[in-house]
Amino acid sequence: MTPFGMLQAVHSQMPETRLPQNRVPDYRPPVIPGRLAHVKTMSSPSLATPRGPPSPVVPQGVHASRAVTPPPGFALQPAVGAHPARLQRSTGRPRGDNDLYNEARSKFRNAQAQIALCKQDFFSAQRAGDYEKQASCTSQIEYWQQKAVEEKQRAHKKIFSSKNAEVSNTFKVDLHALHVDEAVAEMEKTIQDLSRFKCTWNVEVVTGKGLHSSVEGPKILPAVRHFLKERSYEFWEVPGMVVFKIHPTVSE
């Protein structure tokens, strides 16, 4: 008998089995007499891929062959005991700035804390049904809320004035060819406008050398000089120009 005939004879002797439609049977090739006595199925546990020792756990986002480097603005702290090294962000703010900020904001934070305490008392009185205490707490909350707004504005002015008092800017104004009354009016307007900015100004006032004046000599320069002396501004003169300083006043 030919091998093909032997295969047909084996298939004809195998019982017919029916499986549920949602089940896929394991592949089991027929056993041919004289050939392989036993064939393992593909789902046999012995055919699974052998597993070795577990691989070391690498944190997500970190390459195993590359050292951990902190990003800009962070400082890598040394490990203490069994704790791993941690990344801690540095504030980058000088110590003097922290002292100024804490001092200016202390009253504002105190007002916020008082608001929180008054709200706790209000809710306690609400649960107890004490209407008189609820009204008292409401008035206290309104008072401290107004106080917080005032202290916030005061802290803003103090911080801004203190920081910008160290900044020095230069402003130049040209009074050349103006009349004396016009030059004085422009000086007053310039000082008023620059005083709004809480910083030190070096104001350069161009007066000219008086070459186009009459026989009486320059007029703008003496008027500017008198204007600054009258208002106690420190100034110095260079040819054709007067330079004076405007110092800010630190708001409390």
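The figures here come from the full heavy-atom set of this structure, side chains too, leaving out hydrogens, waters and symmetry mates.
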Student: Mind checking the CZ-CD1 spacing from Phe122 to Ile115? Nearest 0.5 Å is all I need.
Tutor: 14.5 Å
Student: When rounded to the nearest 0.5 angstrom, what is the spacing between CD in Gln192 and CE in Met187?
Tutor: 13.5 Å
Student: Go through the steps for Lys133 and Cys137 under the test side chain to side chain contact (heavy atoms under 4.5 Å, CB included), then give the verdict.
Tutor: CA-CA 6 Å; Lys133 189 173 183 181; Cys137 292; 4.1 Å; yes
Student: So, using side-chain contact (heavy atoms from CB on, under 4.5 Å) as the criterion, who are the partners of Ser124 when residues are at least two apart?
Tutor: Arg127
Student: Shortest non-hydrogen contact from Leu178 to Ile220?
Tutor: O-CD1, 3.1 Å
Student: Between Phe171 and Thr190, which heavy-atom pair has the shortest distance, and what is it?
Tutor: CE2-CG2, 3.7 Å
Student: Which pairs with one or both residues in residues 143-152 pass salt bridge (Lys or Arg N to Asp or Glu O under 4.0 Å), sequence neighbours excluded?
Tutor: Glu151-Arg154
Student: According to ring-ring contact (aromatic ring centres under 6.0 Å, His included), who are the partners of Tyr233, at least two apart in sequence or on a separate chain?
Tutor: Phe244
Student: Any idea which heavy atoms bring Ala104 and Ala155 closest together, and the distance?
Tutor: O-CB, 3.1 Å
Student: Under the rule for side chain to side chain donor-acceptor pair (under 3.5 Å), what residues qualify as partners of Asn110, not counting sequence neighbours?
Tutor: none
Student: Salt bridge (Lys or Arg N to Asp or Glu O under 4.0 Å) with Asp193: which residues, sequence neighbours excluded?
Tutor: Lys189
Student: Which pairs with one or both residues in residues 228-237 pass salt bridge (Lys or Arg N to Asp or Glu O under 4.0 Å), sequence neighbours excluded?
Tutor: Glu188-Arg231, Arg225-Glu237
Student: Hydrophobic cluster membership, with links at side-chain heavy-atom distances under 4.5 Å among I/L/V/M/F/W/Y: are Leu175 and Val206 in one?
Tutor: no
Student: State, yes or no, whether a side-chain contact exists between Lys245 and Asn202 at a heavy-atom distance under 4.5 Å.
Tutor: yes
Student: Output all residues satisfying side-chain contact (heavy atoms from CB on, under 4.5 Å) with Ser139, sequence neighbours left out; order by chain, then residue number.
Tutor: none
Student: Got a sec, which hydrophobics cluster with Val149, joining ILVMFWY side chains under 4.5 Å apart, including via others?
Tutor: none
Student: Who passes side-chain contact (heavy atoms from CB on, under 4.5 Å) against Glu204, sequence neighbours left out?
Tutor: Thr170, Lys172, Met241, Val243
Student: Applying salt bridge (Lys or Arg N to Asp or Glu O under 4.0 Å), can you list everything that pairs with Glu103, at least two apart in sequence or on another chain?
Tutor: Lys158
Student: For Gln140 versus Cys118, what's the shortest heavy-atom pair and its separation?
Tutor: OE1-SG, 3.4 Å
Student: Out of curiosity, does Val184 fall in the hydrophobic cluster containing Val203 (side-chain heavy atoms, cut-off under 4.5 Å, transitive links)?
Tutor: yes
Student: Starting from Leu117, can I reach Phe123 by hopping between I/L/V/M/F/W/Y residues whose side chains sit under 4.5 Å apart?
Tutor: no
Student: What residues, two or more places apart in sequence or in another chain, satisfy side-chain contact (heavy atoms from CB on, under 4.5 Å) together with Glu142?
Tutor: Thr138
Student: Once you round to the nearest 0.5 Å, how far does CG of Asp121 lie from CD1 of Ile141?
Tutor: 8.5 Å
Student: Test question: given the 4.5 Å side-chain rule for I, L, V, M, F, W and Y, name all other residues clustered with Phe108, or answer none.
Tutor: none
